[in-house]
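What follows is a single structure, written as structure tokens, with notes after it.
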Amino acid sequence: MSHNISDTPVSKERLKALRAERKDWIAGASALARENKKARKAVMDRLAAASATVPEIAEATGLAPDAALWMVASLKKFGEVVEAEKDGSFYRYALAAEAAQAQEA
């Protein structure tokens with residue numbers, strides 16, 4: 001007979017000890033999640049105004065250029081942002097919904 005860890009009841013004291021032991025890690029992960037959410041909102045708000053290049057997004061949001069590029073790449077991967085026209089050596093990015101509406105018109 002195999003022993004499944006999910007069959008073992010976990011005491012409230014053990015859970016409390018685990019939370020206390022991992023308190024710093026949980027706080028750090030929560031802070032990082034809040035920062036990412038704030039950065040995502042800033043990028044989306046900037047692109048809601050008009051299409052922009054990564055340097056323009058970085059300047060408008062206060063993000064470092066590499067952080068802005070990472071956020072734009074993530075948003076593009078999940079279909080929230082699309083490449084618009086090329087502006088010199090940079091691509092402009094726009095919200096996916098707005099780009100679809102512009103193509104329909």
Side-chain angles (χ1 to χ4, degrees):
M1 178 177 220
S2 67
H3 181 68
N4 188 345
I5 195 162
S6 64
D7 294 337
T8 306
V10 180
S11 69
K12 288 183 181 181
E13 293 81 23
R14 179 64 182 138
L15 288 175
K16 187 175 182 179
L18 281 171
R19 278 190 216 101
E21 178 182 312
R22 297 175 181 163
K23 181 180 177 182
D24 293 336
W25 185 88
I26 292 168
S30 296
L32 184 60
R34 281 191 301 275
E35 288 174 23
N36 282 337
K37 186 176 180 179
K38 185 178 176 182
R40 181 187 179 282
K41 182 178 181 342
V43 170
M44 296 294 281
D45 288 347
R46 170 58 183 93
L47 292 177
S51 66
T53 63
V54 170
E56 292 170 346
I57 293 168
E59 185 178 330
T61 60
L63 294 172
D66 61 329
L69 176 61
W70 186 264
M71 184 59 64
V72 168
S74 298
L75 292 169
K76 183 180 174 206
K77 177 180 179 180
F78 293 104
E80 296 184 51
V81 167
V82 295
E83 287 179 355
E85 69 277 359
K86 195 161 183 179
D87 184 2
S89 59
F90 294 101
Y91 280 100
R92 298 188 76 74
Y93 293 91
L95 296 179
E98 291 178 6
Q101 290 174 352
Q103 288 179 348
E104 290 175 1

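Worth knowing before you read on, the calculation uses all heavy atoms, side chains too, and leaves out hydrogens, waters and symmetry mates.
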Exercise for review: With sequence neighbours excluded, tell me which residues meet side chain to side chain contact (heavy atoms under 4.5 Å, CB included) with Ala42.
Suggested key: Thr61
Exercise for review: Measure across Gly79 and Ala96 and return the closest heavy-atom pair with its distance rounded to 0.1 Å.
Suggested key: O-CB, 3.1 Å
**Study point:** Minimum-distance pair of heavy atoms, taken over all atoms of Leu47 and Ala52
**Key:** CD2-N, 3.9 Å
Review point. If only atom types and distance count, is the side chain of Glu56 paired as donor or acceptor with the main-chain N or O of Thr53 below 3.5 Å?
Key: yes
Revision key, fill the gap. Across all chains, not counting sequence neighbours, the side chain to side chain contact (heavy atoms under 4.5 Å, CB included) partners of Ala64 are Asp66, Ala67
Point to revise | Min side-chain heavy-atom separation Val54-Tyr93 under 4.5 Å | key: yes
Check your understanding: Hey, what else clusters with Trp70 if you join Ile, Leu, Val, Met, Phe, Trp, Tyr whenever side-chain heavy atoms sit under 4.5 Å?
Key -> none
Study note, to complete from the structure: For Ala48 and Leu95 the tightest heavy-atom approach is CA-CD1, 3.7 Å
Could you pull out every donor-acceptor pair under 3.5 Å between side chains of residues 80-88 and any protein atom, sequence neighbours left out?
residue, atom, partner, partner atom, Å
Glu80, OE1, Arg40, NH2, 2.3
Glu80, OE2, Arg40, NH2, 3.3
Glu83, OE2, Lys76, NZ, 3.0
Glu85, OE2, Arg92, NE, 3.4
Asp87, OD2, Arg92, NH1, 2.7

Exercise for review: Run the numbers on Ile57 and Met71 for side chain to side chain contact (heavy atoms under 4.5 Å, CB included), then give the verdict.
Suggested key: CA-CA 10 Å; Ile57 293 168; Met71 184 59 64; over 6 Å; no
Revision key, fill the gap. Apart from Leu32 itself, members of its ILVMFWY cluster (side-chain separation under 4.5 Å) are none
What donor-acceptor contacts under 3.5 angstrom involve side-chain atoms of residues 17-28, with partners at least two apart or in another chain?
none

